[in-house]
Protein chains: 2
Amino acid sequence: MYGEVNMKVKIEDVAKLAGVSKTTVSRVLNSRGYLSEKTINKVHAAMDELNYRPNVIARQLFKQETKLVGLIFPTVNDPFYSQLIAEMEKRLFNNGFKVLIGDSMNDPKKEELYLQQLMAHQVDGLIVGAHNQGIPEYENSNLPIIAFDRIVNPKIPVISSDNYQGGKLATELLIDNGAKVIIHTNGPKTLESPTQERRIAYQDVMKEHGLEPLTYYIDFDDRKKKDLLFRKIFRDHPNVDGMFISNDMDASLVLNIATELGYRIPEDFKVVGYDGTYITRTLLPRLTTIVQPIDKMAETAVTMLMARINGDNSEGNKVFPVELWRGKSV
Amino acid sequence: MYGEVNMKVKIEDVAKLAGVSKTTVSRVLNSRGYLSEKTINKVHAAMDELNYRPNVIARQLFKQETKLVGLIFPTVNDPFYSQLIAEMEKRLFNNGFKVLIGDSMNDPKKEELYLQQLMAHQVDGLIVGAHNQGIPEYENSNLPIIAFDRIVNPKIPVISSDNYQGGKLATELLIDNGAKVIIHTNGPKTLESPTQERRIAYQDVMKEHGLEPLTYYIDFDDRKKKDLLFRKIFRDHPNVDGMFISNDMDASLVLNIATELGYRIPEDFKVVGYDGTYITRTLLPRLTTIVQPIDKMAETAVTMLMARINGDNSEGNKVFPVELWRGKSV
DNA sequence: AATAATATGTCAACCGGTTATCTTATTTTT
DNA sequence: AAAAATAAGATAACCGGTTGACATATTATT
């Protein structure tokens with residue numbers, strides 16, 4: 001049936017067996033030009049007999065397109081990014097694209113390396129959610145790129161949730177439920193990201209209510225260090241009665257620590273998270289959180305990237321409304 | 001500095017600017033053959049000036065290797081797979097490989113499509129954790145493949161946790177803590193996967209203790225359907241006082257439903273999960289579960305794949321010991 | 001000074017497809 | 001019947017690198 005192993009059967013072998021030229025086989029493959037029924041059948045028969053699989057690499061080289069999209073994100077091992085990536089991957093696949101992933105681990109060096117290497121792999125486009133700045137490749141390249149939650153470059157569109165609204169909702173909810181000493185945690189302040197809008201909203205709302213805003217900037221990923229930091233926050237602010245945490249994983253840590261320290265939740269201490277992913281809402285439904293419409297954001301990212309790959313740069317930044325998930329932590 | 005946009009600078013442009021031949025530039029690129037300091041500098045200067053990036057596609061075509069590895073798993077959006085994939089990706093990257101992902105969504109058709117397409121993309125190897133059977137491409141291909149938790153083909157090595165031991169630990173823990181009516185859930189029975197060892201251990205231990213084993217096979221992903229099924233289990237077995245659930249996400253669902261139905265945990269009802277991922281242990285530390293050494297398994301998968309890519313097929317199946325995570329759900 | 005060894009570099013074929021261009025056969029139009 | 005349109009297929013150049021084979025220059029050996 002299929003000869004031995006499919007030792008690199010090439011188009012020429014098919015052509016020889018079918019008694020036609022390479023061109024004809026290629027035409028059958030791509031349904032181009034005039035072809036008789038008879039020829040088509042002969043070629044198909046030969047392809048089947050040889051178990052022929054075209055070598056995409058050769059096609060890519062000639063066509064100057066790879067049907068590959070690179071995704072650069074801090075890590076797949078996170079409820080938010082894994083959901084985002086899964087959704088984008090599904091849609092990219094439906095558009096005929098494969099996905100090359102790069103986990104930057106929040107390391108600018110690694111991000112730059114990935115970027116260079118994915119570009120060397122001739123990806124047709126890029127969707128980035130890694131949070132580093134000042135990487136020159138983003139500046140001078142005409143590769144279609146879509147960014148998540150960050151401002152890479154004025155020419156690169158940013159997709160984000162309505163972070164200000166999210167921060168406002170979260171802070172107001174805490175205040176409305178009686179919290180007075182409310183602490184906020186966010187990513188590194190230096191990062192020029194729409195995410196910082198959450199902090200600004202938090203500060204605005206706090207001041208509006210005559211309360212003192214206090215933000216901690218978390219610029220590392222290490223879980224143990226986070227644990228220590230949160231414990232320190234509780235020590236330094238024994239009267240804290242609310243926190244607005246910029247992502248659900250951290251919020252979960254805080255919830256665990258608070259419980260361990262004897263705070264009753266939500267009576268003594270209230271927490272609002274951010275993201276509201278499938279995973280966190282399944283595993284930790286009691287966490288009150290701001291839900292980003294991840295699926296819609298993923299869909300838009302892919303649609304916009306497809307448009308840009310096709311030369312349509314008309315669409316710009318997109319901001320998505322957030323929703324409050326009423327768990328039991330407020 | 002860099003001319004306009006880096007409009008496809010090719011090796012020939014560099015050669016021309018440096019006043020040498022293509023070969024010489026290629027040699028500089030690959031540090032092959034004899035080269036004078038002077039030439040090397042000239043070439044580097046030219047590459048910098050033109051902001052040259054080699055086109056990997058062309059190299060791939062000639063070298064017949066892509067430095068690409070395909071990962072086919074049900075989905076990235078899952079604590080277990082996302083951790084596994086993140087770990088493998090990191091290690092593959094360190095070995096000079098990029099990762100092409102494919103989410104099969106437990107759909108055999110999609111899995112086969114991915115497989116064909118990744119092969120067409122000329123990946124140098126494949127690591128699969130998708131759970132479908134009878135896909136012919138796995139049979140007749142000499143592509144290096146490593147499988148997770150499934151038996152694809154006798155020639156393809158399988159990496160798995162000690163599923164029998166895990167099932168035994170879980171069941172004994174439940175029994176030792178006084179549970180009598182213990183139900184087990186697992187993946188589809190038809191699936192010839194090492195995962196079924198968990199069920200066999202469960203059955204063995206139950207019988208050993210004179211208890212009646214009862215297994216539900218869950219062969220779908222839909223969360224709502226799962227919710228309904230679990231509620232039905234509670235209705236059909238009102239005296240159930242323990243469950244051994246084959247993954248932490250499902251265990252979490254059960255925990256939530258049980259709590260909602262008024263069971264006190266662990267007094268009235270005990271649950272043991274399986275996987276013990278970073279995410280579930282962070283978000284749901286109270287869940288008692290069997291921990292797979294995901295990181296080590298990922299490391300081994302990558303090491304074995306690298307060996308096979310280098311023609312060393314000596315290593316075979318690998319089984320990893322599991323550990324019990326003592327949460328508060330038993 | 002002749003010979004060998006070593007250093008430096010070029011030429012052209014090759015990887016496996018795609019496609020513009022051209023030739024030849026067949027059918028339709030005038 | 002001649003001219004035009006349509007169908008079928010072949011040739012060869014091309015995509016952008018890599019590398020074996022070969023040519024020439026420089027240095028070391030006898």
Side-chain angles (χ1 to χ4, degrees), chain A residues 6-47 50-68 116-124, chain B residues 6-47 50-68 96 116-117 119-124:
Chain A
N6 43 1
M7 270 309 251
K8 38 192 154 183
V9 180
K10 53 177 79 168
I11 207 168
E12 205 171 340
D13 303 321
V14 176
K16 208 161 284 171
L17 183 62
V20 298
S21 72
K22 280 168 64 182
T23 309
T24 305
V25 178
S26 174
R27 287 221 185 118
V28 172
L29 236 31
N30 300 285
S31 330
R32 272 177 55 97
Y34 306 110
L35 291 167
S36 69
E37 201 65 33
K38 213 173 48 183
T39 309
I40 294 174
N41 291 336
K42 265 194 310 191
V43 171
H44 274 138
M47 292 198 300
L50 296 172
N51 194 21
Y52 170 72
R53 301 272 166 229
N55 180 332
V56 181
I57 302 291
R59 173 188 285 132
Q60 288 173 346
L61 181 57
F62 186 89
K63 288 282 200 76
Q64 301 291 56
E65 65 167 29
T66 53
K67 292 288 179 182
L68 248 34
Q116 288 170 351
Q117 298 189 357
L118 293 188
M119 284 169 107
H121 272 281
Q122 310 294 116
V123 294
D124 291 339
Chain B
N6 42 1
M7 270 310 250
K8 38 193 151 182
V9 180
K10 52 177 79 168
I11 207 169
E12 205 172 339
D13 304 322
V14 176
K16 208 161 285 172
L17 183 62
V20 298
S21 73
K22 280 167 63 181
T23 308
T24 305
V25 177
S26 174
R27 286 219 185 120
V28 172
L29 236 30
N30 299 287
S31 331
R32 273 177 56 98
Y34 305 111
L35 290 167
S36 70
E37 201 64 37
K38 212 172 49 181
T39 308
I40 293 174
N41 292 336
K42 266 195 309 191
V43 171
H44 274 139
M47 293 199 299
L50 296 171
N51 194 23
Y52 171 72
R53 301 274 165 228
N55 181 333
V56 181
I57 302 290
R59 172 186 286 131
Q60 289 173 345
L61 181 58
F62 186 89
K63 289 284 199 73
Q64 299 291 57
E65 67 168 27
T66 54
K67 293 289 182 181
L68 248 32
Q116 288 170 352
Q117 297 189 358
M119 284 169 109
H121 273 280
Q122 309 294 115
V123 294
D124 292 340

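Chain A is the first sequence line, chain B the second, and so forth, proteins listed ahead of strands; every chain is numbered from 1.
- Remark: A:Asp13 CG to A:Lys22 NZ distance equals 11.0 Å, nearest 0.5 Å.
- As judged by a 4.0 angstrom heavy-atom cut-off over every strand, B:Val20 is placed among residues touching the sugar-phosphate backbone only.
- The distance from atom NZ of A:Lys16 to atom OG of A:Ser21, rounded to the nearest 0.5 Å, is 12.5 Å.
- Taken to the nearest 0.5 Å, the CG atom of B:Leu17 stands 13.0 Å off from the OH atom of B:Tyr52.
- Look at NZ on A:Lys63: it is 10 Å from C1' on C:dT19, rounded to the nearest Å.
- Here the straight-line distance linking atom CG of B:Asn30 with atom CG of B:Leu35 works out to 10.5 Å at 0.5 Å rounding.
- With hydrogens and angles ignored, no donor-acceptor pair closer than 3.5 Å exists between the side chain of B:Arg27 and the base of C:dT8.
- Between the B:Asn41 side chain and the B:Lys38 main chain, no donor and acceptor come within less than 3.5 Å of each other.
- Looking at which nucleotide of DNA chain C each of B:Gly19 and A:Ile57 is closest to, the 5′-most match is held by B:Gly19.
- When each of B:Asn55 and A:Ser21 is assigned the nucleotide of DNA chain D with its nearest heavy atom, A:Ser21 is the one assigned upstream, toward the 5' end.
- One N or O donor and one acceptor, one from the side chain of B:Thr23 and one from the base of C:dC11, sit under 3.5 Å apart.
- Computed from coordinates, the A:Gln60 CD to C:dT19 P distance equals 14 Å when rounded to whole Å.
- Side-chain atoms of B:Ser26 and B:Thr23 include no donor-acceptor pair closer than 3.5 Å.
- Extent of DNA chain D lying under 4.0 Å from chain A heavy atoms, first and last nucleotide in 5' to 3' order, is D:dA7 to D:dG16.
- For A:Leu61 and C:dC14, the CG to P distance is 17 Å, given to the nearest whole Å.
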Please list, one pair per line, the donor and acceptor atoms closer than 3.5 Å that link side chains of residues 55-68 of chain A to other protein atoms, with sequence neighbours excluded.
{"unit_1": "A:Asn55", "atom_1": "OD1", "unit_2": "A:Ile57", "atom_2": "N", "d": "2.8"}
{"unit_1": "A:Asn55", "atom_1": "OD1", "unit_2": "A:Ala58", "atom_2": "N", "d": "3.4"}
{"unit_1": "A:Gln60", "atom_1": "NE2", "unit_2": "A:Thr66", "atom_2": "O", "d": "3.3"}
{"unit_1": "A:Gln60", "atom_1": "NE2", "unit_2": "B:His121", "atom_2": "ND1", "d": "3.4"}
{"unit_1": "A:Thr66", "atom_1": "OG1", "unit_2": "A:Leu68", "atom_2": "N", "d": "3.3"}
{"unit_1": "A:Thr66", "atom_1": "OG1", "unit_2": "A:Gln122", "atom_2": "O", "d": "2.7"}
{"unit_1": "A:Thr66", "atom_1": "OG1", "unit_2": "A:Asp124", "atom_2": "OD1", "d": "3.3"}

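- A heavy atom closer than 4.0 Å to some atom of DNA chain C occurs in A:Asn30, A:Arg32, these being the qualifying members of residues 29-44 of chain A.
- Taken from CE in B:Met47 to NE2 in B:His44, the straight-line distance is 4.0 Å, to the nearest 0.5 Å.
- Rounding to whole angstrom units, CD of residue A:Glu12 and P of C:dT18 are separated by 14 Å.
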Task: Check against side-chain contact (heavy atoms from CB on, under 4.5 Å), A:Val9 and A:Asn51 - done: CA-CA 8 Å; A:Val9 180; A:Asn51 194 21; 6.0 Å; no
